[in-house]
Amino acid sequence: QPLQEGQAAALSSLSSYQTVWKTFANQSELERDTFVHDVFPNGFLWGTSTGSFSVEGGWAEDGKGESIWDRFGHQNHVHMNQTANVACDSYHKTDYDVYLLRGLQSKLYKFSISWARIFPTGIRDSFSLQGVNYYNKLINSLLDSNIEPMVTLFHWDLPQALQDLGGWQNESIIDIFANYADFCFATFGDRVKLWITFHEPWVISYAGYGTGQHPPGIADPGVASFKVAHSIIKAHAKAWHVYDDKYRSQQRGKVGIVLNSDWAEPKTPTSSEDVKAAERYMQFMLGWFAHPIFVNGDYPDILKSQIQQKNQQCVSAAILLPSFSEEEKSLVKGTADFFGLSHYTSRLISTAANDSCVPEYEKIGNFSQHVDPSWPQTASSWIRVVPWGLRRLLKFISQEYTGTGIPIYIAGNGVPTNDGGDVINDTKRMEYFRLYINEALKAIKLDAVDVQTYIARSLIDGFEGPMGYSQLFGLHHVNFEDGNRQRTPKESAYFFSNVIEKNGFPSEVVGRSFPSMTCDSPPPPRLLSLGIGWKTLNSLAVGWPLGELLELGVI
């Protein structure tokens, strides 16, 4: 509902978080959960994604260097001692994967370059032609199928040789990353027009250096975590400037970053302390990276003052948040052509007891995380199904960071299933996609937020970090017991293809369309081997004459 003038004036003195929270606070559940039948804007880009270490395999082939995830797996830190040595074998299956994308009618494919595959030791002197050839083949194959490549330069898999020098804690890596980015822009930028510098730097900083759950396995949330984030922000900015200075005028592409964030609701809405704690949670998770890049080149005041307060209260804590010089602030500010967002779930946040001096993430931020027991559980312990959180988060990002000038790309959204049982009929995941995509539609249609892409995670099942192959995010099932790594479309692949085809959820389809095929089993291998896409399968399922399909150019 549009705000009355008096309400608007009252909200103008509040922070972006408080404004957005108050705007939605009085929504009834019925209003909040109403499904909107409408379509996305013309030109909206639908896509799906993978990460190099999750799918490529070929971990030491053709001169590829070791990455920190290779080392992590080989040191038995992963579920059932699994490794990414072969993964989905995408290194040898470019045509297969592009074929799946064509079947989905995907307009966009977000994948990442393995730094150690093209620079085995992380630096240009170690250049591998075979690695470059692999990505050239993938990019060209995508373009031949009218699929836009969106390329991530860093999706967590640092060359082990650079980690041995201190990794993201060693500031010299900033220039090394900029050189790597420069090489990629020069080599692939004639064809790649959408670049992501870093995928989810919060995860790198928090899980790699705060809790140690991810490689390099360092648990130092008060110092290393903040130092690493600082280096990543500066490396991102440097890479953006390399593109801006050397390549933009000719290549005319866009460079951005993908930041992951939950939406935070106060656990007790009537408690002003919980409202403040929820805002701190947002600033510690999203503002930590978004504020320097999209606002003013510096960390949010809430983050800085909370850390200062904690250091005054706890002499032993010694939380070290690095500071940006004035020159660095001007270099960091405004270094993104789009705001990439990955989002999976929401949290209820309460203020924590302020007496602990243990330098842990929650203690530093002085908040506690909770979930509403009514929120549906998923195969992942950290993901609850809370679709309406996405609409609120998008509104917050629009108000706090992007305004009308910078588009938002939803660059990661999805939910896993377990590796046991029926892996093809993933009806719960289908419902997750349906509801979350609809909340993105509401943000566009009802809140005037400029969202331009939606990327589902992920194209195929893969190696999911410490969880190995026990959690399956793919629209296509991969049989990891099969040497050929057979891919089979799940129900969610048909569903997503149908959403792409209709560009959303039209209330009634005008003219003749291809209905969604709801089936209890994957398409027969015979049809797949003939190279027939989902669109055709849908058509065949409802009895379209073969001659008409040929005439339409569908087959």
Side-chain angles (χ1 to χ4, degrees), residues 67-78 122 154-174 176-177 198-236 259-262 280-281 283-292 298-300 302-324 328 352-369 382 465-467:
S67 80
I68 58 173
W69 278 99
D70 295 322
R71 176 75 59 93
F72 197 69
H74 296 157
Q75 290 179 338
N76 301 330
H77 294 308
V78 174
F154 189 78
H155 191 138
W156 309 355
D157 48 349
L158 189 69
Q160 183 63 44
L162 294 181
Q163 186 58 49
D164 293 342
L165 300 174
W168 293 107
Q169 291 187 90
N170 181 341
E171 287 227 333
S172 66
I173 200 172
I174 295 167
I176 295 172
F177 177 78
F198 289 88
H199 182 81
E200 300 180 345
W202 181 90
V203 177
I204 302 163
S205 308
Y206 170 81
Y209 293 84
T211 64
Q213 293 163 298
H214 284 192
I218 293 167
D220 182 10
V223 179
S225 200
F226 290 110
K227 186 175 176 59
V228 163
H230 203 68
S231 295
I232 287 174
I233 291 165
K234 290 198 282 188
H236 156 81
L259 305 178
N260 60 294
S261 186
D262 305 333
R280 276 199 305 280
Y281 183 86
Q283 294 296 352
F284 267 72
M285 190 172 212
L286 188 57
W288 187 7
F289 298 92
H291 202 274
D298 198 5
Y299 296 117
I302 287 175
L303 182 77
K304 292 194 290 186
S305 62
Q306 176 62 27
I307 288 173
Q308 186 180 11
Q309 186 183 324
K310 187 60 76 171
N311 277 330
Q312 286 169 352
Q313 175 201 335
C314 304
V315 182
S316 62
I319 302 151
L320 298 179
L321 178 69
S323 56
F324 293 105
E328 285 170 342
N354 206 14
D355 53 5
S356 172
C357 286
V358 180
E360 290 172 357
Y361 180 71
E362 288 194 351
K363 303 290 193 296
I364 295 168
N366 191 29
F367 47 69
S368 292
Q369 303 181 47
W382 62 275
M467 303 306 296

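Count residues from 1 along the sequence.
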Exercise. So do P466 and H77 actually touch side chain to side chain, heavy atoms under 4.5 Å?
Worked result: no
Exercise. What are the two closest non-hydrogen atoms of G122 and P159, and how far apart are they?
Worked result: CA-CG, 3.8 Å
For this session: Rounded to the nearest 0.5 Å, what's the gap from CD on Q283 to NZ on K304? Could you check?
Result: 11.5 Å
Exercise. Distance from I319 atom CD1 to N311 atom CG, nearest 0.5 Å?
Worked result: 4.5 Å
For this session: Would you please classify the geometry between the Y361 ring and the F367 ring as parallel, tilted or perpendicular, with 30° and 60° separating the classes?
Result: perpendicular
For this session: Could you tell me how the ring of F72 sits relative to the ring of W69: parallel (under 30°), tilted (30 to 60°) or perpendicular (over 60°)?
Result: perpendicular
Exercise. How many angstroms lie between CG in L286 and CH2 in W202, if you round to the nearest 0.5 Å?
Worked result: 11.5 Å
Problem set entry | Check against side chain to side chain contact (heavy atoms under 4.5 Å, CB included), I218 and Q169 | CA-CA 11 Å; I218 293 167; Q169 291 187 90; 3.5 Å; yes
Seminar exercise, completed: Residues passing the ring pair (Phe, Tyr, Trp, His ring centres under 6.0 Å) test with H291, sequence neighbours excluded, are none
For this session: Could you grab the distance from atom CD1 of I204 to atom CG of L158, nearest 0.5 Å is fine?
Result: 9.0 Å
Problem set entry | Heavy-atom closest contact (D262 atom, M285 atom, distance) | N-SD, 3.4 Å
Exercise. Are any of the side-chain heavy atoms of Q313 and K310 separated by less than 4.5 Å?
Worked result: yes
Problem set entry | Residue pair F154 / H236, side-chain heavy-atom distance below 4.5 Å | no
Problem set entry | Heavy-atom pair with the smallest gap, counting every atom of R280 and I302 | CG-CG2, 3.6 Å
For this session: Please report the shortest heavy-atom distance between Q306 and I364, naming the atom on each side.
Result: NE2-O, 2.9 Å
Seminar exercise, completed: CD (Q309) and SG (C314) are apart, to the nearest 0.5 Å, by 10.0 Å
Exercise. What heavy-atom pair brings V358 and K363 nearest, and what distance separates the two atoms?
Worked result: O-CB, 3.2 Å
Exercise. What are the two closest heavy atoms between G287 and P292, and how far apart are they?
Worked result: O-CD, 3.4 Å
Seminar exercise, completed: For Q213, the side-chain hydrogen bond (donor to acceptor under 3.5 Å, both in side chains) test, sequence neighbours excluded, returns T211
Side-chain atoms of residues 224-231: list all donor-acceptor pairs with protein atoms under 3.5 Å, sequence neighbours left out, distances to 0.1 Å.
from: S225; atom 1: OG; to: S205; atom 2: O; distance (Å): 2.8
from: H230; atom 1: ND1; to: Y299; atom 2: OH; distance (Å): 2.7
from: H230; atom 1: NE2; to: S323; atom 2: O; distance (Å): 3.4
from: S231; atom 1: OG; to: W168; atom 2: O; distance (Å): 3.0
from: S231; atom 1: OG; to: K227; atom 2: O; distance (Å): 3.4

Seminar exercise, completed: Separation between CD (Q163) and CG (N170), nearest 0.5 Å, reads 10.0 Å
